[in-house]
Protein chains: 2
Amino acid sequence: MELKNTILQLFPKLSEANDANGINILEHCQQMTIPEGTIVFHQGDQCLNYLLIISGSVKVITRAENGREIVLYHITSGGSCVLTTSCLISSEDYPAEGVTETDILALAIPKPIFEKYMGESKAFRKQVFHSYGDRLIKLITLVEEISFAKLDIRLAKYLLTNGSVNTPIRTTHQALATELGSAREVISRQLKEFENKGWVQLNRGKIEITNHDALANLLPATH
Amino acid sequence: MELKNTILQLFPKLSEANDANGINILEHCQQMTIPEGTIVFHQGDQCLNYLLIISGSVKVITRAENGREIVLYHITSGGSCVLTTSCLISSEDYPAEGVTETDILALAIPKPIFEKYMGESKAFRKQVFHSYGDRLIKLITLVEEISFAKLDIRLAKYLLTNGSVNTPIRTTHQALATELGSAREVISRQLKEFENKGWVQLNRGKIEITNHDALANLLPATH
DNA sequence: ATACGTTAAGTGATAATGTCACTTAAAACG
DNA sequence: CGTTTTAAGTGACATTATCACTTAACGTAT
């Protein structure tokens with residue numbers, strides 16, 4: 001089956017050599033498609049499945065009382081929702097909300113199956129732990145960035161990783177502010193500055209990079 | 001043995017009823033004491049043990065190039081180092097550094113034993129996952145706080161949770177800045193403001209709370 | 001007890017970000 | 001075509017961070 005191969009490619013740990021159990025997991029789980037813009041979970045929700053994302057992307061955000069939001073991370077193909085997993089095991093309240101950014105195709109492993117394979121398959125455990133460690137490290141990096149890095153640098157970095165000279169970025173200043181944990185006005189002004197310098201060209205809902213190198217020079221030396 | 005009881009009390013998951021394996025773990029691991037101020041791990045270190053803290057406290061921080069630091073979290077009695085665990089399994093680079101804040105007593109479970117029990121004991125898995133989820137949630141809360149909460153509120157909260165009218169807080173403004181991810185000068189000014197309002201009394205290395213309620217009123221309503 | 005070096009805290013100027021209360025402009029839709 | 005919606009711009013002001021210092025308190029050795 002095509003799908004099965006895709007899955008095994010995305011989650012190699014499930015197919016590791018001498019671990020026959022891993023593969024069986026696929027027979028006990030359920031495919032699901034979820035449309036864009038769906039709230040997959042919010043604070044306090046309970047969850048009954050371990051979710052693996054096969055295609056599409058989910059963003060996990062937290063919101064302040066005054067409405068400001070910040071994106072904690074994105075889950076894309078090959079990722080799993082560690083918050084969901086965490087709740088699967090310890091059943092605490094979600095401190096965040098998950099929203100699909102595109103239509104997604106996901107694999108839901110029911111709680112009992114999840115627990116069974118956590119016990120039986122070392123490879124599956126590794127897969128799960130890997131997601132956890134990964135997420136933890138990304139979160140720590142986020143803390144580092146929002147506390148220390150200047151906004152122009154973070155913005156430039158975002159622009160460079162999400163667009164290029166030929167492929168404009170389609171997003172709003174508000175979405176960008178959420179992505180970087182800043183305020184819309186601040187992003188607007190910063191972008192305007194970039195535009196004045198001739199580094200980008202702005203249009204409603206679209207940002208075109210016109211000078212890649214100048215933006216890249218803003219970033220700290222690669223390390 | 002006294003110690004054994006202490007450990008079982010701190011890590012109840014290790015002693016859950018029908019899970020005999022959990023208890024055996026204790027026979028394969030090693031006690032260790034580490035003096036205050038020791039760097040337990042830094043970026044790039046490799047780690048060979050799963051660490052459980054029995055007494056004392058470790059702070060985990062990350063540092064910017066310009067020297068500014070922020071405390072990510074503390075590990076205290078009953079906690080385990082999830083970063084260490086993460087590295088135990090996936091062997092990525094540490095994005096942070098761990099420093100003992102007091103002398104600590106810890107239990108080191110060697111990697112092979114750790115993996116063995118992860119497979120055999122559901123209770124142990126639960127214990128480990130619980131630490132993970134916990135940490136994840138705390139980190140998300142931290143992101144929320146540093147991006148949204150105002151400094152006076154965060155400072156007031158810190159003062160109230162770490163001291164009271166009769167028990168002064170012994171720390172420096174610099175340490176406080178690190179704890180809250182701010183700059184020393186900013187903390188000094190904010191504290192001075194509190195002092196001017198008669199809410200605290202400042203002395204070198206010591207902060208005394210003189211008006212608990214006023215500080216508490218700064219905090220958002222309990223929820 | 002005094003002097004000296006070290007660490008903690010204070011200060012003023014300035015830059016960067018965030019917040020508020022709007023206005024203006026572009027797109028979407030009946 | 002006019003009316004909503006949604007996106008973006010703006011000025012004034014508040015908060016926080018940074019820089020380049022100064023001042024004060026403490027520990028230690030003479």
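Heavy atoms only: backbone and side chains are in, while hydrogens, waters and symmetry mates are out. Nothing here was measured: the structure is a model prediction, and the numbers come from that model. The sequence lines fix the lettering, A, B, ..., with proteins before strands; numbering per chain opens at 1.
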query = Which sits closer to the 5' end of DNA chain D, Thr171(A) or Ser147(A), going by the nucleotide each is nearest to?
reply = Thr171(A)

task = For dG18(C), take OP1 and OP2 only and decide whether either is under 4.0 Å from a side-chain N or O of Ser182(A).
result = yes

query = Nearest 0.5 Å, what's the CG-CG distance between Leu191(A) and Leu155(A)?
reply = 5.0 Å

remark   = To the nearest angstrom, the CD-P distance between Gln174(B) and dA24(D) comes to 21 Å

dG9(D) phosphate, OP1 or OP2, under 4.0 Å from His173(A) side-chain N/O = yes

ask   = Atom CD of Glu193(A) and atom P of dT10(D): how far apart are they, to the nearest Å?
value = 13 Å

message = Can you confirm whether Ile146(B) sits close enough to Ile146(A) that some side-chain heavy atom of one is under 4.5 Å from a side-chain heavy atom of the other?
response = yes

query = Below 4.5 Å, heavy atoms only, C-beta onward: do Ile207(B) and Phe194(B) meet side chain to side chain?
reply = no

request  = Establish, with yes or no, whether the OP1 or OP2 oxygen of dG10(C) is under 4.0 angstrom from a side-chain nitrogen or oxygen of Ser188(B).
outcome  = yes

message = Could you tell me how far apart Lys150(B) (NZ) and dT19(C) (C1') are, to the nearest whole angstrom?
response = 9 Å

message = Judged by each residue's nearest nucleotide on DNA chain C, which is more toward the 5′ side, Gly205(B) or Ala183(A)?
response = Gly205(B)

request  = Check whether the side chain of Arg189(A) and the base of dT19(C) form a donor-acceptor pair under 3.5 Å.
outcome  = yes

task = Round to a whole Å and report the spacing from NZ of Lys192(B) to P of dA8(C).
result = 17 Å

ask   = From the list dA7(D), dC20(C), dT16(D), which nucleotide is the closest neighbour of the side chain of Glu185(A)?
value = dC20(C)

query = Any chance the side chains of Ser80(B) and Ser131(B) put a donor and an acceptor closer than 3.5 Å?
reply = yes

note = Rounded to whole Å, CD of Gln190(A) lies from C1' of dG9(D) at a distance of 15 Å

Distance, rounded to the nearest Å, where Leu176(A) contributes CG and dG9(D) contributes P = 12 Å

Whole angstrom value for the distance that separates P of dG10(C) from CG of Leu202(B) = 6 Å

ask   = Under 4.0 Å between a Lys/Arg side-chain N and an Asp/Glu carboxylate O for Lys157(A) and Glu145(A)?
value = yes

query = Which nucleotide sits closest to the side chain of Leu151(B): dT19(C), dT6(D), dT16(D)?
reply = dT16(D)

query = Would you say the base of dA8(D) and the side-chain of Arg184(A) have a donor-acceptor pair closer than 3.5 Å?
reply = yes

note = Atom CD1 of Ile70(A) and atom P of dT17(C) are separated, to the nearest Å, by 14 Å

